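One structure is given here, and the rest of the page talks about it.
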There are 2 protein chains.
Amino acid sequence: MNASRTARERVRAELTREITDVARRQLGEVGAPALSLRAVAREMGMVSSAVYRYFPSRDDLLTALIIDGYNAVGVAVEQADAACARDDVPGRWLAACRGIRGWALAHPHEYALVYGSPVPGYRAPEQTIEPASRVAAVLGAIVSDACAAGAVDDVGASPPASFGPDAARLRETVLPGVPDGVVARSLTAWASIVGLVSFELFGQFENVITDRDAFFDHAALSLAGLIGLQVDPAPRARI
Amino acid sequence: MNASRTARERVRAELTREITDVARRQLGEVGAPALSLRAVAREMGMVSSAVYRYFPSRDDLLTALIIDGYNAVGVAVEQADAACARDDVPGRWLAACRGIRGWALAHPHEYALVYGSPVPGYRAPEQTIEPASRVAAVLGAIVSDACAAGAVDDVGASPPASFGPDAARLRETVLPGVPDGVVARSLTAWASIVGLVSFELFGQFENVITDRDAFFDHAALSLAGLIGLQVDPAPRARI
DNA sequence: CCATCCTGAGAGCGCCGCTCTTGTTTCCTA
DNA sequence: TAGGAAACAAGAGCGGCGCTCTCAGGATGG
């Protein structure tokens with residue numbers, strides 16, 4: 001019968017979820033490299049070999065946590081964006097950037113797992129790329145909406161010709177209706193935002209920046225200007 | 001006698017250096033988290049406990065490698081900058097950025113150790129902050145020289161007031177004569193460059209950007225424009 | 001009701017970081 | 001120059017790790 005078969009599969013799914021929950025908690029405490037499959041098993045009252053019935057290796061458990069992390073930060077950014085008026089482009093951009101940073105500060109170890117150096121020899125499997133694009137999708141939608149509203153200045157040098165196919169591909173998914181130059185600068189800004197958060201989280205801004213909340217907002221808006229989003233009529237002065 | 005005392009200390013220094021050399025080689029092969037003090041000792045024909053005479057813990061060995069990494073990337077960037085004409089600000093900026101990226105691509109594991117997620121529970125000791133500033137010093141000198149030559153546009157929103165003391169402190173070291181707004185945008189660009197390299201190295205640009213050499217150059221010049229470095233008379237078009 | 005599969009438990013392998021003890025060599029000094 | 005202190009390499013060992021294999025018992029499904 002299908003129901004009985006589902007019965008076993010249900011308890012299996014539940015146990016799988018419980019393992020990832022415990023692992024995520026321990027990840028938040030000790031960090032990814034110190035995450036121990038044995039410790040997870042211990043906390044669950046299992047023997048370590050039993051866990052291997054659910055995750056064939058420690059890396060597979062980490063993969064599950066990475067997917068969770070991408071989804072979590074994706075949800076955070078989506079909610080931050082959704083709380084803004086649709087036509088408030090700078091507000092949406094700032095909210096999304098703050099969403100990334102806020103989630104990162106709240107879950108530093110998960111952030112490091114997702115956006116930090118990949119675990120040794122670990123290669124991101126196929127399943128991670130779809131949740132990984134959630135954040136990019138939100139940022140892309142903001143830029144796309146801004147372009148549609150005519151609120152983007154396409155300034156700056158043109159991207160290299162070799163970027164054309166990449167831009168075309170991105171236009172089909174996350175950045176519809178966005179010209180090549182803005183696509184290139186959006187990718188740059190995206191990497192920049194993550195770079196800023198990483199710098200802050202990994203200690204590069206120690207003894208450099210005091211009020212990091214305010215600085216991040218300023219930097220995020222600067223990067224909005226880099227893309228060409230019309231954020232404020234900036235006074236232009238030559239020194 | 002001093003010479004004889006130096007004799008022992010010399011062999012000690014030499015052995016210490018040899019350990020870090022072997023460790024750096026193994027780091028390049030297996031990555032930081034898999035770096036094993038025992039394996040280093042094995043390759044040197046020592047027993048593992050002997051290595052502890054030279055490095056009190058595995059973390060201390062990693063610290064030495066981190067310092068080496070900061071110095072190595074610092075040297076790379078310094079040389080890249082030195083090869084340019086002093087008054088070619090955009091050329092120097094691009095060369096320095098390429099220097100970072102080139103070193104990172106050549107030594108991915110060292111880069112990950114230096115700019116990636118910090119090792120679990122590891123806290124950067126005092127000795128790392130001075131070599132860590134070498135790269136920033138080069139980028140800062142380029143911006144400073146550009147400011148002195150009047151080749152910087154101080155455009156964009158003003159940084160928050162709380163950033164004033166930070167900017168003043170940076171003006172005393174790496175960014176003399178640079179106004180607050182340019183200081184803030186320089187920091188942003190610095191983090192952005194590292195973010196771009198990290199994205200590329202850690203796989204976020206997989207299946208997104210094809211010609212990464214060309215894209216990076218374009219992004220680096222975009223970020224030069226963000227700072228205000230006069231890189232090219234960009235045509236301005238509204239879409 | 002019985003054969004099949006799934007499951008958890010246990011033992012065990014080889015690795016790890018790190019500590020402690022034991023002889024031995026080197027160095028400084030009285 | 002002789003003796004004590006310091007540095008040294010080596011070995012054994014502790015607990016923990018990822019992972020494998022075997023085995024007994026219970027749920028599943030014909």
Side-chain angles (χ1 to χ4, degrees), chain A residues 1-20 22-23 26-27 29-66 109 113 118-123, chain B residues 1-20 22-23 26-27 29-66 109 113 118-123:
Chain A
M1 194 192 261
N2 218 354
S4 57
R5 189 189 172 191
T6 310
R8 180 142 81 178
E9 283 186 348
R10 231 180 41 201
V11 60
R12 179 182 179 83
E14 197 159 329
L15 249 179
T16 305
R17 227 188 62 87
E18 191 179 337
I19 291 175
T20 59
V22 171
Q26 297 205 356
L27 169 67
E29 294 170 4
V30 300
L35 179 66
S36 150
L37 207 146
R38 286 178 116 112
V40 172
R42 218 160 21 231
E43 178 168 331
M44 297 189 57
M46 304 173 83
V47 86
S48 72
S49 58
V51 181
Y52 282 83
R53 298 267 173 214
Y54 300 87
F55 292 93
S57 83
R58 182 179 172 276
D59 277 4
D60 291 84
L61 179 55
L62 280 178
T63 299
L65 294 180
I66 289 175
H109 285 120
L113 180 65
V119 186
Y122 176 84
R123 199 73 219 109
Chain B
M1 190 191 267
N2 218 355
S4 59
R5 187 189 175 191
T6 310
R8 177 142 84 179
E9 285 186 348
R10 231 182 39 201
V11 60
R12 178 182 179 85
E14 195 159 331
L15 249 179
T16 305
R17 229 187 62 86
E18 191 178 337
I19 291 175
T20 60
V22 172
Q26 297 205 357
L27 168 68
E29 293 171 2
V30 301
L35 179 65
S36 150
L37 207 147
R38 286 178 115 113
V40 172
R42 218 161 20 231
E43 178 168 331
M44 297 187 57
M46 305 174 83
V47 86
S48 72
S49 57
V51 181
Y52 282 84
R53 298 264 167 216
Y54 300 86
F55 293 93
S57 83
R58 182 180 171 276
D59 277 4
D60 291 84
L61 178 55
L62 280 178
T63 298
L65 294 179
I66 289 176
H109 285 120
L113 180 65
V119 187
Y122 174 83
R123 197 74 218 108

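Computed from a prediction, not measured in an experiment: that's the story for all the values here. What's counted below: heavy atoms across the whole structure, side chains too, no hydrogens, waters or symmetry copies. To find a chain, count down the sequence lines: A is the first, B the second, and so on, and within it residues start at 1.
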Spacing between [X] atom [atom1] and [N] atom [atom2], to the nearest angstrom:
| X | N | atom1 | atom2 | answer |
| --- | --- | --- | --- | --- |
| Phe55(A) | dT20(D) | CZ | P | 16 Å |
| Tyr52(A) | dT22(D) | OH | C1' | 17 Å |
| Leu35(B) | dC17(D) | CG | C1' | 17 Å |
| Glu9(B) | dC27(C) | CD | C1' | 11 Å |
| Leu37(A) | dC19(D) | CG | P | 7 Å |

| task | Show your working on side chain to side chain contact (heavy atoms under 4.5 Å, CB included) between Leu113(A) and His109(A) and close with a plain yes or no. | result | CA-CA 6 Å; Leu113(A) 180 65; His109(A) 285 120; over 6 Å; no
| query | Is Leu61(B) touching bases, backbone alone, or none of the nucleic acid, heavy atoms closer than 4.0 Å? | reply | nothing
| Is the side chain of Arg58(A) donor-acceptor paired with the backbone N or O of Leu35(A) at a distance under 3.5 Å, no angle test? | yes
| note | Considering only heavy side-chain atoms of Arg58(B), the closest of dT20(D), dC16(C), dC18(C) is dC18(C)
Taking the side chain as every heavy atom from C-beta outward, state whether [X] and [Y] have any pair of such atoms under 4.5 Å apart.
| X | Y | value |
| --- | --- | --- |
| Tyr54(A) | Leu61(A) | no |
| Phe55(A) | Leu37(A) | no |
| Met44(B) | Val51(B) | no |

| Nucleic acid footprint by protein, nucleotides 5-15 of chain D - heavy-atom cut-off 4.0 Å, B for base, S for sugar-phosphate alone | --SBBBB-B--
| task | Map Pro56(A) and Ser36(A) onto DNA chain D by nearest heavy atom, then report which one ends up closer to the 5' terminus. | result | Ser36(A)
| request: For Arg17(A), look at atom CZ and say whether over 12 heavy atoms of other residues, nucleotides or ligands are found less than 6.0 Å away. | output: no
